[in-house]
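Data first, discussion second: the structure below is written as structure tokens.
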Amino acid sequence: MSKKSFSVVLWVMTLAMMMSVYFMDDVIPIHWNFHFEIDDYGSRYIFLGLSLLPVVMYYGFDFINRLDERLKKYESKSNDYQIIRIIITLLMLAIDFIWMYMCFYPQGNMEVALSVVFCMFLLFLGNYMPRIPMNYYVGIRFPWTVRNETVWKKTHKMGGYIFVVSGLMMLILTILNLVGFEFVVALILIDSLFLGIYSYFMHRKFIK
């Protein structure tokens, strides 16, 4: 999808979410506890600000792109950066839509919806992660990965494998109702910790 086409779709969806506020109750759920039980309420107009987050995220990537010449060159040669940008923006949109759904149907299963969204996000992101060029703003950014291109490439290649496997495994387990959202979060944290350790050992290996 071209930038212009996605921008149109993004604004249409954002405006639809903003308009939905006027059909909500005056007071809506604004916080859920660890068990996904509503534990706080607030004004429906809070959702107006939240509905703009995907737009801020999407156009924020343009700002980031101007800060790093490597990302600018990468975008001019490949569509992968635009795809990653769209994937992350869609994640924010999905979270907003889940929140909107819960405002209208508080009895809905937010846990399953969030789990599926995050699993899909990991699957798509994992496919494109190995193609991200070394930069200071997007990707697995540890002090040692942004200093050595070989370490960067190996870390992101490993990250791609791990995120795809984790996303697929968690998606299957979620659909079978065998795990909850806490397992999804725990596995993401474990993956991140592993990649931090792996990248550090790659750094030690290639600075010798």
Which residues share a side chain to side chain contact (heavy atoms under 4.5 Å, CB included) with V56, sequence neighbours left out: none
Side chains of R141 and W152 in contact at under 4.5 Å (non-hydrogen atoms): yes
Can you tell me how far the CE atom of M134 sits from the CG atom of N148, to the nearest 0.5 Å? 7.0 Å
Counting distance only, does the side-chain N/O of W144 pair as donor-acceptor with the main-chain N or O of R204 below 3.5 Å? no
Of the non-hydrogen atoms in T89 and M57, which two are nearest, and what is the gap between them? OG1-CG, 4.4 Å
Do you know which two heavy atoms are closest between S115 and G180, and how far apart they sit? OG-C, 4.2 Å
For T145 and I140, indicate whether the former's side chain and the latter's backbone hold a donor-acceptor pair under 3.5 Å. yes
Should the ring pair Y45 and Y22 be called parallel, tilted or perpendicular, given that the plane angle runs from 0 to 90° and is split at 30 and 60? perpendicular
Measure from the side-chain N and O atoms of S20 to the backbone N and O of M17, and report whether any donor-acceptor pair falls under 3.5 Å. yes
Out of curiosity, L91 CG to D96 CG, how far, rounded to the nearest 0.5 Å? 10.0 Å
Atom pair CE/CZ of M92 and F121 - distance to nearest 0.5 Å: 10.0 Å
Is the closest side-chain heavy-atom distance between F6 and L90 below 4.5 Å? yes
Atom pair CD1/OH of I87 and Y128 - distance to nearest 0.5 Å: 6.0 Å
In the single-linkage hydrophobic clustering (I, L, V, M, F, W, Y; side-chain heavy atoms under 4.5 Å), do V165 and I188 co-cluster? no
Please work out whether the ring planes of W32 and W99 are parallel, tilted or perpendicular, with thresholds of 30° and 60°. perpendicular
V164 side chain near L122 side chain, heavy-atom distance below 4.5 Å: no
Report, as yes or no, whether the 6.0 Å neighbourhood of atom OH on Y59 holds more than 12 heavy atoms from other residues, nucleotides or ligands. yes
With side chains defined as the heavy atoms from C-beta onward, is the minimum distance between M24 and M100 less than 4.5 Å? yes
Is it the case that one hydrophobic cluster holds both Y161 and I172, taking links as side-chain heavy atoms less than 4.5 Å apart, direct or via other members? no
Of all the heavy-atom pairs spanning Y198 and T155, show the shortest one and how long it is. CE2-CA, 4.0 Å
Close side-chain approach of I84 to M129, heavy-atom, < 4.5 Å: no
Could you check L50 against L53 for side chain to side chain contact (heavy atoms under 4.5 Å, CB included), going step by step and ending with a plain yes or no? CA-CA 5 Å; L50 293 172; L53 285 179; 3.9 Å; yes
Gap between atom CG of L123 and atom CZ of F118 - 0.5 Å precision: 13.5 Å
Around F124, counting heavy atoms of other residues, nucleotides and ligands shown, do more than 12 lie under 6.0 Å from its CZ? no
Can F142 be reached from L193 by stepping across I, L, V, M, F, W or Y side chains whose heavy atoms are under 4.5 Å apart? no
Are V8 and M19 grouped together when hydrophobic residues (ILVMFWY) are joined by side-chain heavy atoms under 4.5 angstrom apart? no
Say whether Y105 and I95 are linked into one hydrophobic cluster, either directly or through other cluster members, by side-chain heavy-atom distances under 4.5 angstrom. yes
To the nearest 0.5 Å, what is the distance between CD1 (I46) and OH (Y41)? 13.0 Å
Side-chain contact, heavy-atom cut-off 4.5 Å: F97 with M13? yes
Could you report the tightest heavy-atom contact between S199 and G196, atom names first, then the distance? OG-O, 2.9 Å
Do you know the tightest heavy-atom contact between M169 and L187? CE-CD2, 3.3 Å
Do the side chains of M110 and F181 get nearer than 4.5 Å, heavy atoms only? no
Grab the two heavy atoms, one from G139 and one from I132, that are nearest each other, plus how far apart they are. CA-CD1, 4.4 Å
May I have all residue pairs that pass salt bridge (Lys or Arg N to Asp or Glu O under 4.0 Å) and include part of residues 146-174, sequence neighbours excluded? E149-K153
Suppose we call two aromatic rings close when their centres sit under 6.0 Å apart. Are F23 and F104 close by that rule? no
